[in-house]
Visitor: 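Can you read through this structure? Questions will come right after.
Atoms considered below: every heavy atom in the structure, side chains included; atoms not considered: hydrogens, waters and symmetry mates. Below, chains carry the letters A, B, ... as their sequence lines are ordered, and counting in each starts from 1.
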2 protein chains.
Amino acid sequence: MDIPANILIVDDDRDIRTLLAEYLEHNNFRAFVAADGSGMRHLLEKEQIDLIVLDLGLPGEDGLQLCRWLRTKSQLPVVMLTARGEPLDRILGLEMGADDYLVKPFEPRELLARIRNVLRRHQPSVEGESREAKRILFSTWTLDLIARHLLTPQGTAVMLSGAEFRLLKIFLQHANRILSRDQLSILIKGHDADPLDRSIDLQVSRLRQKLEDDAKSPSLLKTVRNEGYILASTVRLEN
Amino acid sequence: MDIPANILIVDDDRDIRTLLAEYLEHNNFRAFVAADGSGMRHLLEKEQIDLIVLDLGLPGEDGLQLCRWLRTKSQLPVVMLTARGEPLDRILGLEMGADDYLVKPFEPRELLARIRNVLRRHQPSVEGESREAKRILFSTWTLDLIARHLLTPQGTAVMLSGAEFRLLKIFLQHANRILSRDQLSILIKGHDADPLDRSIDLQVSRLRQKLEDDAKSPSLLKTVRNEGYILASTVRLEN
DNA sequence: GGCCCTTGACACATTACGTTACAATTTCGC
DNA sequence: GCGAAATTGTAACGTAATGTGTCAAGGGCC
């Protein structure tokens, strides 16, 4: 028998919380509940959660912010609950990166089906090796996702700081797309940037140095004035 | 410059087929329709389909059988349409392996969101083949859309600034059509130009220099007095 | 050909970006 | 916990890209 997966439900409506929790428990999950962001964080530390069901319309920190925050911290799968009329696309898109969503009102068994589906996608490693890429090859470089450093064309390692690694990984995940400073800021820090924030520029500059990419005529990390930055290269995953 | 994804809709209800097809076409997809399994198979051979939207309750061979059959043949992503009350779980489960599903009735934009999501998962920009053109060939030049530079007939790279690249891309997207300064301004900056705005002219002038196109008798970027500019050349996409 | 108007081009203003130095913050070893 | 080292953010200034003003060149119309 399967070890039941731990599901954390974050919703401010007490009735919904308990209803869903009971339903999930009946269907062989372990359910935890939280009413807001701080409760969520608390339980994330205490328990080993496998999936989060997150209401979009929370008071205080809303689900959107929380989802971004989660994404900067972990790979934890997220199923969003939204009221009718939300901009569905963006929830699943770049900016937020939820894995699935449901429009309220919904039938509990539909949530069940979607949870199972997301879990299936996220732990496909039933047999043998995981599907996760362990390295990313681009241009003449390799980013080692396990060791968290760069490999030069010659194969020597270049250390990256945490922020540099995350930034580069994000660029590689969205290769050949223009990423605005706001998007980068959200993907890295979980919140958008102040208008005068230059920290992204600085990180890009530092990354360019490590990539030996001259800012005067960069071949990899290009500037798009008024828009943001773009990593220009084909990219290959490898494990 | 995306090559639109090809979506095949399989549903026995003619109204739904055409409605969805039109909606998808409006949203930058190419839509194909079939009423049953044999129509589906026919189109799969003839066209290069990227995703299938499959009604569960087809007469004859039902969606379930078709989905299984598809799974034995290919990795093609499938979004199922189900009537209320179907055993949702099993649709997504191992047995059938659909990637997502929607319960009828649903809003078209929800289908759109789910299609985009499934496509995003199935062709992460990071690995597989992209459906974006990677270069544009025109006259004797090549515009490399990934590296964002020009290639001379001899194959050496000419760097373009952000604005130059965007402008040239727009001209190529609308090759052999007169583009007014207002149109260009809107396409580049998102708002139309002041009457006295000379910035477009200047950018065109700079672009001509890089294209070695003499303004006195331009062969590529021609001036149409009182109208705007036109890029005169056949254009070919390539990836 | 002369006039008007549009466009091309140069100089310079403006703005966004890159980089350096240093301050603030976090991380890590003890 | 404490202090040192590394990382990250802030401020300031230099530099490159882009927009504005001006004027001259050239086409079209009479």
Visitor: Would you jot down, in residue-number order, the residues of residues 200-217 of chain A having a non-hydrogen atom under 4.0 Å from DNA chain D?
Guide: A:Leu202, A:Gln203, A:Arg206

Visitor: When you check the gap from the basic side-chain N to the acidic O, do B:Asp99 and A:Arg121 get nearer than 4.0 Å?
Guide: no

Visitor: Measure from CZ on A:Arg198 to P on C:dT15 and round the result to the nearest Å.
Guide: 15 Å

Visitor: Within residues 157-165 of chain A, which residues have any heavy atom lying less than 4.0 Å from an atom of DNA chain D?
Guide: A:Ser161, A:Gly162, A:Ala163

Visitor: Once side chain to side chain donor-acceptor pair (under 3.5 Å) is applied, what residue pairs with a partner in residues 39-55 of chain A remain, sequence neighbours excluded?
Guide: A:Arg41-A:Glu61, A:Asp55-A:Lys104

Visitor: May I ask you to check if B:Arg114 and A:Tyr101 form a cation-pi contact, with NZ or CZ under 6.0 angstrom from the six-membered ring centre and within 45° of the axis?
Guide: yes

Visitor: Using 4.0 Å as the upper bound for N to carboxylate O, is an ion pair formed by B:Glu238 and B:Arg236?
Guide: yes

Visitor: Using salt bridge (charged side-chain N to carboxylate O under 4.0 Å, His left out) as the criterion, list what pairs up with A:Arg17, not counting sequence neighbours.
Guide: none

Visitor: So that I can tick it off, tell me whether A:Arg30 and A:Glu25 are bridged by a salt bridge, with the cut-off set at under 4.0 angstrom between side-chain N and carboxylate O.
Guide: no

Visitor: Any side-chain N or O of A:Tyr229 under 4.0 Å from OP1/OP2 of C:dA16?
Guide: no

Visitor: A:Glu164 and salt bridge (charged side-chain N to carboxylate O under 4.0 Å, His left out): which single residue from A:Arg206, A:Lys169, A:Lys210, A:Arg208 fits?
Guide: A:Lys210

Visitor: Can a donor-acceptor pair under 3.5 Å be found between the side-chain atoms of B:Arg225 and the base atoms of C:dT7?
Guide: no

Visitor: Calculate the interatomic distance between A:Ile178 atom CD1 and C:dC17 atom P; express it in whole Å.
Guide: 12 Å

Visitor: Which nucleotide of DNA chain D is the first, and which the last, in the 5' to 3' direction, to come under 4.0 Å of a heavy atom belonging to chain A?
Guide: D:dT7 to D:dT18

Visitor: With A:Phe29, which of A:Leu51, A:Leu119, A:Asn6 fulfils side chain to side chain contact (heavy atoms under 4.5 Å, CB included)?
Guide: A:Leu119

Visitor: Run the salt bridge (Lys or Arg N to Asp or Glu O under 4.0 Å) test on B:Asp201 and B:Arg181 for me, step by step, so that the C-alpha distance in whole Å, both residues' side-chain angles and the decisive distance to 0.1 Å come before the verdict.
Guide: CA-CA 8 Å; B:Asp201 303 58; B:Arg181 290 180 176 67; 3.0 Å; yes

Visitor: Not counting sequence neighbours, which residues clear side-chain contact (heavy atoms from CB on, under 4.5 Å) with B:Pro153? List them please.
Guide: B:Thr140, B:Trp141

